[in-house]
Amino acid sequence: MEIITAVKGFKDILPGEAGKWQYVEDQARKIFSAFGCLEIRVPILEKTDLFARGIGEATDIVEKEMYTFRDRGDDLITLRPEATASIIRAYLEHHLYAADPVAKLYTIGPMFRRERPQKGRYRQFHQLDVEILGYEDARIDAEVILMLIHFLKSVGLKSPQLELNSLGCPSCRPSFRESILQFLQGKEGDLCEDCQRRISTNPLRVFDCKMEGCKQIIAQAPVIQDFLCGGCRDHFAGVLASLAVFDIPYTINPRMVRGLDYYTRTTFEITTDFLGAQNAIVGGGRYDGLIRDLGGPDIPGIGFAIGFERLLAMMPADQCDDFIKPPGLFIAALGTEAQKFAYQLCNRFRMQGIPTEMDYTAKGLKSQMKRADRLKCRKVLIIGDREIETQQADLRDMQTKEQIKVRLDNSDELIKLMM
RNA sequence: GUGGGUGUAGCUCAGUUGGUUAGAGUGCCGGGUUGUGGCCCCGGAGGUCGAGGGUUCAAAUCCCUUCACUCACCCCA
């Protein structure tokens, strides 16, 4: 019979790699909470409407990537393609803003987008997501970036490259959009098919195009910085000034736009050279209109999402060796009586918090030693029927090969010895 | 959705102009060492050659179809 395999683009995280995941999550929790962020856990399933309104109807994510279906009650629901919309939904639904308009939140979990899988891109992938709601101050933008880069470095990332831009706000972006449309007028024929389509759907996205022809045209195009209103210009200057306080290097990329419609003002990306085409490991920015657009009060927000798989792929191999605990003790038991004794002792050790392993397949000592070695146990307690009689067993140190006699008749003493 | 690449042992891969019983390394199990791991030596198990069809005396090899994986485009974390 044929075995059933996982769904395309959905990956197993095997025991060998789960330690890395735990390590990164652990670091994130420590650092994010030091910066005052609290964890929030939101459902992975939401009403489709939430994403359509939040991310934007005309975005690729909403148009062709979401897992959307009707459930048995005929409700139209979607597996979340990102976390921000859900977090804001929860913030509004539970009136968190009433007690305190400022909320600093993070969440960790799976997201779903039905794209063609490739390196660094899966249909179920994971994000570390931070959202700071209630502050408009430019210092917060820089603080969020500081926290992010501090975290990335703490997990061993060598040189995260920060790219920044400002997308303006509803009062200045339209004039920029107009001038782009004017600029592109008459040049449609020289653009790629996708960009020709973008002119009517989302002209700003032409900036993102990687086709040589489009890039050349765009190089001549007006840049948003020249169109920012006074408020947006001051805000962006404030972000840069605050980044300077922490000596955070950045490059301003006036062509960087985002694939989600809700971004305003500051946007940023962290990129790397080591991931092939999927070089963005973090994307984020400010979304001052989103909470209002989702039916809430006019509260500003900023956040980012880290691609977990992409981050792991870039981490040094030995980064979390210390975090993954070595197994500790192996009990090699030979003979029926010894097995009985070891069975009890092994589980007693475990209940004391001493990670202990033994073998139940009645093999010889040699193969048990082999297994202890493979599990990287530091010590092996060797018990045969002979040792049961004398109540004295050998405790072997696997590194130094030193072997000492230990008494078996006092389990409290034994436990102390192991700890 | 569109292109390219790859499918042979658990894993990484050889396999000649089609030719007889499909190999190596590694891992696993056992032995050398009657109760002591890693190194070394020896042995063993493990394969519908991705699947289906075709050509041929003969197909892992050639042709067609299909599936899976993978990289890239698109888009994004």
Side-chain angles (χ1 to χ4, degrees), chain A residues 2-3 5-9 11 16 55 59-66 80-84 108-130 148 152 192-195 197-198 201-202 205 208-211 214 256-260 263 268-272 275-285 303-314 330 332-335 338 359 361 363-387 393-403:
Chain A
E2 230 170 78
I3 61 161
T5 57
V7 176
K8 185 200 268 288
K11 298 283 171 208
I55 299 168
T59 56
D60 279 11
I61 293 177
V62 173
E63 261 180 2
K64 50 191 191 196
E65 292 174 3
M66 295 200 305
R80 63 176 182 194
E82 57 114 45
T84 306
I108 303 175
M111 310 294 157
F112 306 85
R113 293 181 200 174
R114 198 184 182 288
E115 304 174 85
R116 204 57 176 264
Q118 68 187 73
K119 191 180 178 72
R121 192 177 72 189
Y122 311 105
R123 291 182 173 182
Q124 175 178 331
F125 61 102
H126 295 74
Q127 287 186 338
L128 284 168
D129 203 88
V130 172
L148 169 61
L152 294 175
C192 69
E193 274 179 42
D194 287 319
C195 285
R197 183 176 45 80
R198 286 181 186 124
T201 56
N202 194 346
R205 291 221 64 87
D208 243 4
C209 191
K210 278 142 192 137
M211 306 290 285
C214 300
M256 183 179 70
V257 291
R258 316 249 67 230
L260 293 82
Y263 286 110
F268 56 92
E269 258 178 32
I270 305 270
T271 57
T272 155
L275 271 179
Q278 308 303 314
N279 62 348
I281 64 170
V282 183
F304 62 78
I306 304 172
F308 212 113
E309 285 86 350
R310 292 182 186 181
L311 177 59
L312 289 183
M314 292 200 49
F330 191 92
L334 299 152
D359 190 85
T361 50
K363 288 177 184 162
L365 179 58
K366 182 178 175 144
S367 70
Q368 294 197 52
M369 291 298 288
K370 252 182 142 166
R371 183 163 153 77
D373 187 53
R374 199 181 330 149
L375 292 172
K376 297 193 178 72
C377 292
R378 288 187 310 266
K379 293 191 172 174
V380 177
L381 185 64
I382 299 161
I383 306 174
D385 289 344
R386 205 163 67 204
E387 281 79 4
D394 291 323
L395 182 64
R396 180 179 178 84
D397 185 303
M398 294 297 271
Q399 267 109 60
T400 64
K401 294 181 172 185
E402 270 176 73
Q403 218 157 288

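Letters A, B, ... mirror the listed sequences (proteins, then strands); counts begin at 1.
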For the side chain of A:Arg396, counting heavy atoms from C-beta on, which of B:G30, B:A77, B:G37 is nearest? B:G37

Between B:U2 and B:G10 - C1' atom distance, rounded Å: 35 Å

Start with the C-alpha distance between A:Leu334 and A:Asp385, add both sets of side-chain angles, then the distance that settles side-chain contact (heavy atoms from CB on, under 4.5 Å), and finish with yes or no. CA-CA 7 Å; A:Leu334 299 152; A:Asp385 289 344; over 6 Å; no

Answer with yes or no whether A:Gln118 presents, from its side chain, a donor or acceptor under 3.5 Å of a partner atom in the base of B:C74. yes

Please pick, from B:C69, B:G37, B:U2, the nucleotide with the shortest atom-to-atom distance to any side-chain atom of A:Lys8. B:C69

Any donor-acceptor pair under 3.5 Å joining the side chain of A:Gln368 to the base of B:U36? no

Between B:G35 atom P and A:Leu395 atom CG, what is the distance in whole Å? 21 Å

Contact class for A:Glu387 (heavy atom, under 4.0 Å): base, sugar-phosphate, or nothing? base

Do A:Arg121 and A:Gln118 have side-chain N/O donor and acceptor atoms under 3.5 Å apart? yes

For the side chain of A:Lys370, counting heavy atoms from C-beta on, which of B:A72, B:A77, B:G37 is nearest? B:G37

Please evaluate the base of B:G30 for a donor-acceptor partner in the side chain of A:Lys366 within a cut-off of under 3.5 Å? no

What's the closest nucleotide to the side chain of A:Gln127 if the choices are B:U36, B:A77, B:G30? B:A77

Would you mind classifying the nucleic acid contact of A:Leu128 as base, sugar-phosphate or nothing, using non-hydrogen atoms under 4.0 angstrom? nothing

Writing each nucleotide of RNA chain B 5' to 3' as (, ), [, ], | or . by Watson-Crick or G-U pairing under 3.5 Å yields (((((((..((((.....[...)))).(((((.......))))).....(((((..]....))))))))))))....

Is the base of B:G37 touched by the side chain of A:Arg374 through a donor-acceptor pair closer than 3.5 angstrom? no

Classify A:Ala305 by what it touches in the nucleic acid, base, sugar-phosphate, or nothing, heavy-atom distance under 4.0 Å. sugar-phosphate

Output, in order, the C-alpha distance, side-chain angles, deciding distance and verdict of salt bridge (Lys or Arg N to Asp or Glu O under 4.0 Å) for A:Arg396 and A:Glu402. CA-CA 6 Å; A:Arg396 180 179 178 84; A:Glu402 270 176 73; over 6 Å; no

Identify the residue among A:Leu148, A:Val130, A:Thr272 that makes a side chain to side chain contact (heavy atoms under 4.5 Å, CB included) with A:Val282. A:Leu148

Please determine, for the side chain of A:Ile382, which listed nucleotide (B:A77, B:G35, B:G38) has the closest atom? B:G35

Tell me whether A:Phe125 and B:A77 count as stacked here, given that the ring centres must be under 5.5 Å apart and the planes must differ by less than 30 degrees. yes

Could you state the CG-P distance from A:Leu365 to B:U33, rounded to the nearest angstrom? 16 Å

For A:Lys64, report the nucleic acid contact type (base, sugar-phosphate, nothing); a contact means any heavy atom under 4.0 Å. nothing

